[in-house]
Amino acid sequence: MKKTLLTCIAFLFLQSVYSQKLSYGALMGFNAYDIEIDGPLNAGAGYSGLNIGGYVEYQINNRIGIKSNLIYTSVKEDNYYVIDHGVSYGNLIDKAEMNTLQIHALLKYDVRHSYTKGFYFIGGLRITNVLNASGDGATLSGFYKSSNFGAMLGFGVNFAKHFGIELLPECNLTNTLDSSSNTAKNYGGYLNFTINIESLLKK
């Protein structure tokens, strides 16, 4: 009986400590990028509409934490993908559009000793899953890789207790195109506005 009681008390204590260091919320924003291709294709740039999603964050100590963003994006690549013939250009895809689901696995470092208050640096990995893609009114099956990875490094600031803004420059680590002769490198960034729902519910 005593062992059971002690086990329950220990469980409740650990749950309390864990929950005090765990926060979650919603985010919205947008991203844009420039496309550079090593191969016979040429391309322009991409930009998103309103990105929406959420995040979970766990505080390790007074300055360091880990954070995971889950984001849905709808992206338009405004310029053409074209085949370079040396003299003239033949259109391949006109204004491609894609919907993606992304996970950002991030490490956060607060400049101050008080976590989630003020300025911080943040960086990590992006994992993108392409849900669907189209161009010229047709489905682009096999043009984009179904998944790709990127690296992110930026900064953010928390303000008014429950809100924050993040700027995350990034570049992809793997090819975004399902092609052996064309390697796409995207350089861009994300601007996120965050709302700490966990802290709002505590009020």
Side-chain angles (χ1 to χ4, degrees), residues 27-58 64-85 89-109 120-136 138-156 166-194:
L27 65 82
M28 63 186 71
F30 69 94
N31 69 291
Y33 54 89
D34 179 61
I35 306 167
E36 297 181 9
I37 294 183
D38 182 14
L41 288 180
N42 286 314
Y47 60 93
S48 74
L50 181 66
N51 298 337
I52 56 173
Y55 72 88
V56 176
E57 183 173 346
Y58 181 73
I64 298 174
I66 53 177
K67 185 177 183 182
S68 178
N69 296 337
L70 181 65
I71 300 177
Y72 173 82
T73 71
S74 181
V75 177
K76 293 182 179 180
E77 294 185 339
D78 199 32
N79 294 39
Y80 302 120
Y81 280 98
V82 295
I83 299 174
D84 188 352
H85 296 291
Y89 293 86
N91 292 343
L92 180 63
I93 293 173
D94 183 1
K95 296 185 179 180
E97 299 184 16
M98 71 183 87
N99 297 316
T100 74
L101 189 64
Q102 303 186 6
I103 297 174
H104 302 170
L106 306 167
L107 181 67
K108 181 178 172 182
Y109 177 81
Y120 59 88
F121 294 102
I122 189 167
L125 295 176
R126 167 189 54 76
I127 305 168
T128 296
N129 182 40
V130 178
L131 302 177
N132 54 69
S134 61
D136 295 326
T139 300
L140 297 179
S141 177
F143 184 76
Y144 295 100
K145 281 192 173 179
S146 59
S147 298
N148 63 79
F149 300 85
M152 318 178 83
L153 181 63
F155 59 88
E166 293 177 347
L167 179 62
L168 282 165
E170 67 109 26
C171 68
N172 57 297
L173 299 175
T174 60
N175 193 3
T176 61
L177 304 180
D178 193 4
S179 170
S180 58
S181 57
N182 295 279
T183 302
K185 278 289 185 183
N186 299 348
Y187 299 92
Y190 290 74
L191 180 64
N192 297 327
F193 175 71
T194 63

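Within a 6.0 Å sphere centred on CZ of F30, other residues, nucleotides and ligands contribute 12 heavy atoms or fewer.
Scanning all heavy atoms of the two residues, the minimum distance from Y109 to I64 falls at CD1-CG1, 4.0 Å. Across every non-hydrogen atom of N172 and K185, the tightest pair is O-NZ, 3.0 Å. Among all heavy-atom pairs drawn from G154 and P169, the shortest one is CA-CD, 3.8 Å.
K145 places none of its side-chain heavy atoms less than 4.5 Å from the side chain of V130. The shortest side-chain heavy-atom distance between E77 and M98 falls under the 4.5 Å cut-off. Looking at I122 and K67, their side chains come closer than 4.5 Å, going by heavy atoms from C-beta outward.
The distance from atom CG of N182 to atom CG of L177, rounded to the nearest 0.5 Å, is 6.5 Å. The line from OH of Y72 to CE of M28 is 15.5 Å long, rounded to the nearest 0.5 Å. E97 CD to N99 CG: the interatomic distance, rounded to the nearest 0.5 Å, is 8.0 Å. Atom-to-atom distance recorded for L168:CG and L106:CG is 6.0 Å, nearest 0.5 angstrom. To the nearest 0.5 Å, the span separating OG1 on T128 from CD1 on I103 amounts to 9.5 Å. Considering CD of Q102 and OH of Y190, their distance stands at 3.0 Å, rounded to 0.5 Å.
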Between F155 and L167, does the side chain to side chain contact (heavy atoms under 4.5 Å, CB included) criterion hold? Intermediate values first, please.
CA-CA 6 Å; F155 59 88; L167 179 62; 3.9 Å; yes
Report the C-alpha distance between E166 and K108 in whole Å, list the side-chain angles of each, state the deciding distance to 0.1 Å, and finish with yes or no for salt bridge (Lys or Arg N to Asp or Glu O under 4.0 Å).
CA-CA 11 Å; E166 293 177 347; K108 181 178 172 182; 5.9 Å; no
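Checked against side-chain hydrogen bond (donor to acceptor under 3.5 Å, both in side chains), S68 has no partners two or more places apart in sequence or in another chain.
For the pair S147 (side chain) and N129 (backbone), a donor-acceptor distance under 3.5 Å is absent. Using modelled atom types, no side-chain atom of T73 and backbone atom of V75 make a donor-acceptor pair closer than 3.5 Å. Side chain of N186 to main chain of I35: no donor-acceptor pair is present (N/O by atom type, distance under 3.5 Å, no hydrogens or angles). In terms of modelled atom types and a separation under 3.5 Å, the side chain of N192 and the main chain of L27 share no donor-acceptor contact.
With hydrogens and angles left out, the side-chain atoms of R126 and N148 include a donor and acceptor closer than 3.5 Å.
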Going by atom type alone, with no hydrogens or angles, which donor-acceptor pairs under 3.5 Å involve a side-chain atom of residues 44-56 and a protein atom two or more places apart or on another chain?
unit_1 : atom_1 : unit_2 : atom_2 : d
S48    : OG     : N31    : N      : 2.9
S48    : OG     : N31    : O      : 3.4
S48    : OG     : N31    : OD1    : 3.2
S48    : OG     : N51    : OD1    : 3.3
N51    : ND2    : N31    : OD1    : 3.1

